[in-house]
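Keep in mind it's a predicted model, so treat the numbers as computed, not measured.
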Amino acid sequence: STGVMVIGEYRQFFITGKFTNLFKDVTSTVPPKTTVHTLLTLSIGDFASQTVYASKTFELRGVGESDTRAFMMALRKLNRSNKALAEFVAEGKAKIINYFDSNYGSIINQANRAVSQRHFEEALYYLTSIPECCKGYAEAIQVTDQVFKQYIDYTGKKLLAEARSAWAASPDVTGAEKAFESLKQIDFE
């Protein structure tokens, strides 16, 4: 199945957890065991709008040789076969997809504004934030190709100007070496 996955530093959406109502006990057995009983509330949300898309509380119990091991055993209940966890993730995923389906036009407009200011990396950041499973993805990929070509052209022209400037300032071996350092960075694809 298709998922929502963003690679890199894009951090508009979050998943967070909070433990509450902790009960912990150490047994009198040899060796002693720690038992924990707690509630873990997981939330999926959007930083930008300060909206929580999905929230679910899980009752967890665990036993281990230490507090850490007891918590680890309790958290083992949260795995891919846990139906409640799968439903929680599906609900959050659906709302994130809906966000991108509803807002991809404004995200592409943000990217175009960044391009007009020659902030190509920022524009690419916006465009690549739209996941493949969303309806704006195809349009974002087309714009991404255009923006990337503009970025390569702009960077190449800038590096060529640096090379010419280095050669003009010092038309000898030193200037040639500086010019070459700029020229070898140009992407000719």
Is there a side chain to side chain contact (heavy atoms under 4.5 Å, CB included) between Tyr53 and Phe13? Walk through the geometry before answering. CA-CA 10 Å; Tyr53 288 155; Phe13 301 100; 3.6 Å; yes
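- Residues Lys158 and Glu162 are not paired through a salt bridge, judged by the lack of any N-O separation under 4.0 Å between the basic side chain and the carboxylate.
- Sorted by first and then second residue, the pairs that involve residues 60-97 and meet ring-ring contact (aromatic ring centres under 6.0 Å, His included), not counting sequence neighbours, are Phe19-Phe71.
- Applying the 6.0 Å contact sphere to CZ of Phe14 captures more than 12 heavy atoms from other residues, nucleotides or ligands.
- Thr16 and Ser43 share no donor-acceptor pair across their side chains, judged by distance under 3.5 Å alone.
- When the options Thr27, Thr35, Asp25, Thr34 are evaluated for a side chain to side chain contact (heavy atoms under 4.5 Å, CB included) with Val63, the one that passes is Thr35.
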In sequence, state the C-alpha distance, the side-chain angles, and the governing distance for Arg61 and Glu59, and then conclude on salt bridge (charged side-chain N to carboxylate O under 4.0 Å, His left out). CA-CA 7 Å; Arg61 297 171 190 261; Glu59 184 176 358; 3.1 Å; yes
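- Listed by first and then second residue, the side chain to side chain donor-acceptor pair (under 3.5 Å) pairs that reach into residues 137-154 are Glu121-Tyr151, sequence neighbours excluded.
- Although no hydrogens or angles enter the test, the distance criterion places a donor-acceptor pair under 3.5 Å between the side chain of Asn79 and the main chain of Arg76.
- Closest non-hydrogen pair, Val52 versus Ser55, comes out as CG1-CB, 4.3 Å.
- Ser106 and Asn109 are not linked by any side-chain donor-acceptor pair at a separation below 3.5 angstrom, with hydrogens and angles left out of the test.
- Judged purely by atom type and a 3.5 angstrom limit, Gln50 has no side-chain atom pairing as donor or acceptor with the backbone of Asp46.
- Looking at every heavy atom in both residues, Ala54 comes nearest to Gly92 through CB-N, 3.8 Å.
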